[in-house]
Asks: 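My questions all concern the structure below.
The basis for the numbers below is simple: all heavy atoms, side chains too, and nothing from hydrogens, waters or symmetry mates.
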Amino acid sequence: MTRKNQSAGWRRALSFLVIFALLLAFLPGLPETAEADSVPAPDAAVTVSNILALAKAYDPDAYHILNTMNSKGEDITFWFYRGSITDGIDTGTHEEFHGYTHRIGGFDYDTYSWYDLYYLGNGKTRAVPQTDVFKTETVTGSIPEKYRTFRYDTYVAPGAEPSANQIGVYGLLNEFSAYHWGLHVIERLFPYFSKYEEETDAWNTFMLSYLNNRNAYSEFYYWTLLYLDYARKNAPAVYKGIIENKAYCETFVEMEANFRALMAKCEKDLDQVSMRYNGTPFKDNFDGKFLRLGYRSTAGCDNDYDVLMPLINSSQFDQVKKDIGLTGASPVPPVDPPVDPYDTSQDQANVVRIFGPNRYDTSLLAADALKTELGVSKFDAAVIASGENFPDALTGAYLAKVAKAPILLTSKNNPGDVIQYVRANVKPGGKVYLLGGPAMVPNEIRTNLAGYQVQRLGGANRYDTNLLILKAAGVKGGEILICAGGGFADSLSASAIGKPILIVGDKLSAEQLAYLKSLSGVKFTILGGLGSVNSNVQTQLRKLGSVIRLGGKTRFETSVIIAQHYFASQSKAAVLAYAQNFPDGLSGGPLAMAVGAPLLLVNSTEAGYQPAAAFARGAGVKTVYVLGGPAVISSAAANAMLK
């Protein structure tokens, strides 16, 4: 044996011993599940011991990841910056998984390549070496702008720094797996959240983690398939190396199956909560209106999953799936054939679509339609609200009616478009209302609208802002619509009625009571069932005026009941908004009021559009305005409104 071969042999032996030692050191037996009563409550201090105790009690796999990285000197408390041991544990597990794969991975002298050590659950790991790759940004030219979803800029766009871009499919696998483990710990904590549901915003945390990670599942799955398909066609040597990397293929296939099963479990968990609070499945309450404990913005949790799953399940990737070992993997859940979001060719002649590539452009197009209906070349005023959440825009609908103004959506990232629109479409010296604080509607808008009367209506929270809006609209009394502040659906339907909207929580605040007592001749119409506006609020309102309630079993039924009550005799038109998310519908209220039409909530399933269709046909609707493209409200749904 030559000296060179002896040296290589020693290196291989040493490499094997090091790997074996690492496995012994970092793969102790998984901990036994502790009794739930022994773990700290949600308001316990954010400490390493409390975090580990929580994970150990409910998710031994998350405990293994977190405890391993803690023993390596990582500050696992870093991810809990909101001050709660539950609000951050999914992010912490996700991020520490990255550290786990890289820091416990190493260099394989047999293959002369770096490898990541993937934790697969139940004490199982797999070393995944890296073959030759190109950056993910190489394939971004194959991603149409309409499919560049929430994480595109962060992970795969040209110039993005994370490993998801830098090391191609191996970085995508790492992120895909990390998002799985982030969701895993949240799903295992379901019994813990159930125990403390009265004391925390548990269901917010659970729901938002589910939606966030569900979107991530579809995004990284899609980018992985797109990357491999591009490599197959343009870089066969790279493709061959990846496909022949058995450890990579097995890990992706296994993690995909685990992720898919995990999402199904989460949705069953959320069905339990939704049925408990609202009597309907979670899919009928996508915005979480049943969450009686409050509601945080779902910014970044738009429904990317439903956009990308048809692409993932298309025939384009059949060969790639076969090569990687995904043949036979079932869609999650079964999805309809791909829908071109811009193809309106199947719409009937009396269907008027109002939609752009995003919610902000859609709001500008809705404003243009309103201008046409009002017969004006320029508005006297404009109402500007955040497009990242719903309360301010929806409660601003009555103010928009009083001011004969559109509702324009903006965000801190794109104020320029709305500034330009106001300058071109609102008379100089006109009134411009900014709904919400600077975090919602940036000060840049005010400073760039010299010559206009700009007034900000922003309180400490959505309820305070709502009161400021009602006062600015000059409400003196009369009928007040009462809607839940934690969900958008009923408020969306209410935005077309042309009456003041008051949003409420579990009870009326002192400020709300004082305001209502200052009005004269008030009567109240509660929109939604007890799962939306509870009996406590109803009791408080009865002391101030007469109260009626309009509510059905689902948001679809409630929307129709509202339409029957306010529009049955004058419904020659109808405005349709997507029932499962709010962005496109936020600007629809002023348009609906201008054409004297109800705003009906629908989706593309028959169960989602038939209630509205029965009402529309019975009322003799002749024109249908649709807020959104065919990907969210199909041509079949829109056409069903017309006889």
Side-chain angles (χ1 to χ4, degrees), residues 128 130-180 212-245 248-257 259-260 263 302-332 335-342 357 631:
V128 178
Q130 295 173 16
T131 59
D132 289 339
V133 293
F134 45 81
K135 288 185 177 182
T136 308
E137 65 186 49
T138 305
V139 310
T140 55
S142 305
I143 305 176
E145 186 172 351
K146 57 192 174 184
Y147 298 132
R148 296 179 182 181
T149 51
F150 176 59
R151 294 171 181 81
Y152 171 83
D153 287 337
T154 303
Y155 291 101
V156 301
E161 293 301 321
S163 62
N165 184 2
Q166 299 296 313
I167 54 175
V169 289
Y170 298 105
L172 294 174
L173 173 63
N174 200 282
E175 287 293 346
F176 185 81
S177 303
Y179 277 105
H180 163 270
N212 183 54
N213 287 290
R214 185 176 106 129
N215 281 344
Y217 166 87
S218 62
E219 288 167 316
F220 287 97
Y221 197 170
Y222 171 59
W223 293 328
T224 296
L225 295 178
L226 196 69
Y227 185 103
L228 291 171
D229 193 52
Y230 182 92
R232 181 175 70 88
K233 297 171 181 175
N234 299 282
V238 171
Y239 184 71
K240 184 173 185 290
I242 297 169
I243 295 303
E244 291 181 354
N245 186 346
Y248 168 80
C249 295
E250 289 179 348
T251 301
F252 184 82
V253 170
E254 187 169 343
M255 292 308 299
E256 188 279 324
F259 210 152
R260 179 161 31 100
M263 291 189 298
D302 289 348
N303 203 4
D304 299 343
Y305 178 89
D306 282 351
V307 173
L308 294 178
M309 285 308 295
L311 301 176
I312 289 168
N313 290 305
S314 69
S315 60
Q316 175 185 351
F317 301 120
D318 284 352
Q319 186 60 51
V320 165
K321 289 180 181 178
K322 180 179 179 180
D323 291 344
I324 201 174
L326 284 166
T327 302
S330 59
V332 189
V335 295
D336 295 328
V339 175
D340 185 340
Y342 295 91

Asks: Measure the acute angle between the ring planes of Tyr217 and Phe176, then classify it against the limits of 30° and 60° as parallel, tilted or perpendicular.
Replies: tilted
Asks: For the backbone of Met263 and the side chain of Arg214, can you confirm whether one donor and one acceptor N or O come within less than 3.5 Å of each other?
Replies: no
Asks: In sequence, state the C-alpha distance, the side-chain angles, and the governing distance for Thr131 and Val238, and then conclude on side chain to side chain contact (heavy atoms under 4.5 Å, CB included).
Replies: CA-CA 8 Å; Thr131 59; Val238 171; over 6 Å; no
Asks: State which residues pass side-chain hydrogen bond (donor to acceptor under 3.5 Å, both in side chains) with Glu137; sequence neighbours excluded, sorted by chain then number.
Replies: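 Only Asn165 meet the side-chain hydrogen bond (donor to acceptor under 3.5 Å, both in side chains) criterion with Glu137.
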Asks: Evaluate the side-chain proximity of Ile242 to Gln130: yes if any heavy-atom separation is below 4.5 Å, no if none is.
Replies: no
Asks: Kindly give the heavy-atom pair with the smallest separation between Lys321 and Asn313, and that separation in Å.
Replies: NZ-CA, 3.7 Å
Asks: Find the distance between CG (Leu226) and OG (Ser142) and round it off to the nearest 0.5 Å.
Replies: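 Leu226 CG to Ser142 OG: 5.5 Å, rounded to 0.5 Å.
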Asks: Can you tell me which residue among Thr149, Val307, Leu308 is in a side-chain contact (heavy atoms from CB on, under 4.5 Å) with Ser218?
Replies: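 The side-chain contact (heavy atoms from CB on, under 4.5 Å) with Ser218 is passed solely by Leu308 among Thr149, Val307, Leu308.
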Asks: For Glu250, give me all partners under salt bridge (charged side-chain N to carboxylate O under 4.0 Å, His left out), at least two apart in sequence or on another chain.
Replies: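 For Glu250 the salt bridge (charged side-chain N to carboxylate O under 4.0 Å, His left out) partners, ignoring immediate neighbours, are Arg126, Lys246.
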Asks: What I'd like to find out is whether the side chain of Leu173 reaches to under 4.5 Å of the side chain of Thr224, using heavy atoms alone.
Replies: no
Asks: Please check this pair: side chain of Gln166 against backbone of Ala160, looking for a donor-acceptor N/O pair closer than 3.5 Å.
Replies: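 Yes: the side chain of Gln166 pairs with the backbone of Ala160.
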Asks: Who passes side-chain hydrogen bond (donor to acceptor under 3.5 Å, both in side chains) against Tyr239, sequence neighbours left out?
Replies: Asp323
Asks: Set out, in order, the CA-CA distance, both residues' side-chain angles and the distance that settles ring-ring contact (aromatic ring centres under 6.0 Å, His included) for Phe252 and Tyr221, then state yes or no.
Replies: CA-CA 9 Å; Phe252 184 82; Tyr221 197 170; 5.7 Å; yes
Asks: Below 4.5 Å, heavy atoms only, C-beta onward: do Val139 and Trp223 meet side chain to side chain?
Replies: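 Not touching, per the 4.5 Å side-chain cut-off.
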Asks: Restricting to side-chain contact (heavy atoms from CB on, under 4.5 Å), what partner residues turn up for Thr138, sequence neighbours left out?
Replies: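 Applying side-chain contact (heavy atoms from CB on, under 4.5 Å) to Thr138 gives Phe134, Lys135, Tyr230.
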Asks: Could you work out, with ring-ring contact (aromatic ring centres under 6.0 Å, His included) as the rule, every residue matching Tyr170, not counting sequence neighbours?
Replies: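 Tyr170: ring-ring contact (aromatic ring centres under 6.0 Å, His included) contacts with Tyr248.
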Asks: Applying side-chain hydrogen bond (donor to acceptor under 3.5 Å, both in side chains), name anything that partners Tyr179, two or more places apart in sequence or on another chain.
Replies: Arg151, Tyr155
Asks: State, to 0.1 Å, how close Thr136 and Gly168 come at their nearest heavy-atom pair, and which atoms those are.
Replies: OG1-CA, 3.5 Å
Asks: Where do Leu311 and Gln316 land on the side chain to side chain contact (heavy atoms under 4.5 Å, CB included) test, with the steps shown first?
Replies: CA-CA 8 Å; Leu311 301 176; Gln316 175 185 351; 5.9 Å; no
Asks: Enumerate the salt bridge (charged side-chain N to carboxylate O under 4.0 Å, His left out) contacts for residues 226-237, please, sequence neighbours excluded, ordered by first and then second residue.
Replies: Asp229-Arg232, Asp229-Lys233
Asks: Distance from Glu219 atom CD to Asn213 atom CG, nearest 0.5 Å?
Replies: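 That separation rounds to 10.5 Å.
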Asks: Does the side chain of Leu326 reach to within under 4.5 Å of the side chain of Leu225, using non-hydrogen atoms?
Replies: yes
Asks: So, using side-chain contact (heavy atoms from CB on, under 4.5 Å) as the criterion, who are the partners of Ala157 when residues are at least two apart?
Replies: Tyr152, Asp153
Asks: Looking at side-chain heavy atoms only, is the closest gap between Thr251 and Glu254 below 4.5 Å?
Replies: no
Asks: One pair to check against side chain to side chain contact (heavy atoms under 4.5 Å, CB included): Leu172 and Val156. What are the steps and the verdict?
Replies: CA-CA 9 Å; Leu172 294 174; Val156 301; 4.2 Å; yes
Asks: Please assess Lys322 against Asp318 for the test side chain to side chain contact (heavy atoms under 4.5 Å, CB included), listing each intermediate value before the final yes or no.
Replies: CA-CA 6 Å; Lys322 180 179 179 180; Asp318 284 352; over 6 Å; no
Asks: Can you name the side-chain contact (heavy atoms from CB on, under 4.5 Å) partners of Pro144, sequence neighbours left out?
Replies: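 Partners of Pro144 under the side-chain contact (heavy atoms from CB on, under 4.5 Å) test: Lys146, Tyr147, Tyr222.
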Asks: Should the heavy atoms of other residues, nucleotides or ligands under 6.0 Å from CG of Asn234 be counted, would the total exceed 12?
Replies: yes
